Amino acid sequence: MLHPQARALLDLMIERGVPAMHTLTPVDARTTYRDRRSITQPLPQEVALVQDLAADGPHGPVPLRLYRPIGIDPGTMLPVLIYFHGGGWVIGDLDTHDVLCRELANLAGIVVVAVDYRMGPEHRFPTAYDDTLAATAWVARNAASLDVDASRLAVGGDSAGGNLAAAVCLGARDTGPSIAFQLLIYPATDMRRVHRSHVANGDGYLLTRDTIAYYHDHYIDDVKHDTDWRASPLLAADHSRLPAALVLTAGYDPLRDEGLDYARALADAGNSVSYVCFERQIHGFVPMGKVLDEANTAVVLCAAELRRRLSIGP
């Protein structure tokens, strides 16, 4: 059964007439997504340092935001998580995921570097992939000056960001940089949209089939790209020799089954994988700790797995 808090949130959105994302222009959708975070997200935690940076990329500079956890001496070399925000490759930015990045930094005791990659429709596939791979390589190259340990580098993201994190791991496997762990939060892994959960959960649970199609069509401009592994990591020919992973899904999410299938593909190829499904939750729930108790549970779980996989203390 859908969690009562998730049901209450969906009912509130209907009551207040919150427009579906696919009914808005991309510019208006971005504004709506940014503005509604105050309703569902906790207050931002204090961290020791927030620093805006920029990585070199093939399409120009890529804005970054670095978070250093509170309570750790300045200059201490820490593991680093490079985080790619969700939003269907169309919406979302450094601010929409600021609270989550702060929480992960403090709870895991790591540096988090958030990436403001280019999005559609202004920048089509594979620009977002190019930006995220370039940002990952830049952080690895500049690890010493950032006081991070390049040997304990992780990538992660939610939804579209999980898609990009999975693709970056595939792209970096042979060319570098070395990635120790991937945190995939309800990732999109198959642009063909053929899994059963797209039908079972395609209406009524915030992310709908219509909204997914809207995001897809603003990002992908040629259907042949649907089978490119940079867009659909599940369809890569080889999933071996990839970083350890946590794949987290939600029971009432259209992307649930492709997330599960990606966890299976990683495990079948010999990688170390943990898979957790929050059966009563909806897509996008993890940053919503102000109104969803299980969101806070999920964040703690993600932080604990980061600590374990990156060997951070007891």
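Residues: numbered from 1 along the sequence shown. Values below: all heavy atoms of this structure, side chains included; hydrogens, waters and symmetry mates excluded. Note that the structure is a prediction, hence the values are computed from the model and not measured.
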Check: Glu258 main-chain N/O paired with Thr189 side-chain donor or acceptor under 3.5 Å: yes
Electrostatic pair Glu122:Arg30 at N-O distance under 4.0 angstrom: yes
Flag, side chain of Arg309 to backbone of Phe181, donor-acceptor distance under 3.5 Å: no
Where at least one partner belongs to residues 107-162, residue pairs that pass ring-ring contact (aromatic ring centres under 6.0 Å, His included), sequence neighbours excluded: His85-Tyr117, Phe125-Tyr219, Phe125-His225, Tyr129-Trp229
Candidate pair Asp257 and His198, rule side-chain hydrogen bond (donor to acceptor under 3.5 Å, both in side chains), full reasoning: CA-CA 8 Å; Asp257 291 353; His198 278 266; over 6 Å; no
Main-chain N/O of Val286 paired with Glu294 side-chain donor or acceptor, under 3.5 Å: no
Arg192 versus Leu235, closest heavy-atom pair with distance: NH2-CD2, 3.4 Å
Residue pair Tyr275, Leu266: steps toward the side chain to side chain contact (heavy atoms under 4.5 Å, CB included) verdict: CA-CA 11 Å; Tyr275 173 78; Leu266 292 174; over 6 Å; no
Residues forming a side chain to side chain donor-acceptor pair (under 3.5 Å) with Gln182, sequence neighbours excluded: none
For Ala180 against Ser151, the heavy-atom pair lying closest together: CB-O, 4.2 Å
Distance (rounded to the nearest 0.5 Å) between Thr249 OG1 and Ile185 CD1: 11.5 Å
From CA spacing to verdict: side chain to side chain contact (heavy atoms under 4.5 Å, CB included), Arg173, Asp238: CA-CA 11 Å; Arg173 175 173 50 194; Asp238 178 13; 3.9 Å; yes
Ionic contact status for Arg256 with Asp253, cut-off 4.0 Å: no
Any pair counted as side-chain hydrogen bond (donor to acceptor under 3.5 Å, both in side chains), so long as it reaches residues 54-72, sequence neighbours left out: Asp52-Arg65, His59-Asp130, Arg65-Asp95, Tyr67-Asp98
Nearest heavy-atom neighbours spanning Met119 and Gly92: CE-O, 3.3 Å
Asn106 (side chain) donor-acceptor with Val47 (main chain) under 3.5 angstrom: no
CG-CG distance between Asn163 and Asp158, expressed to the nearest 0.5 angstrom: 11.5 Å
Side-chain (Thr227) to main-chain (Lys224) donor-acceptor, under 3.5 angstrom: yes
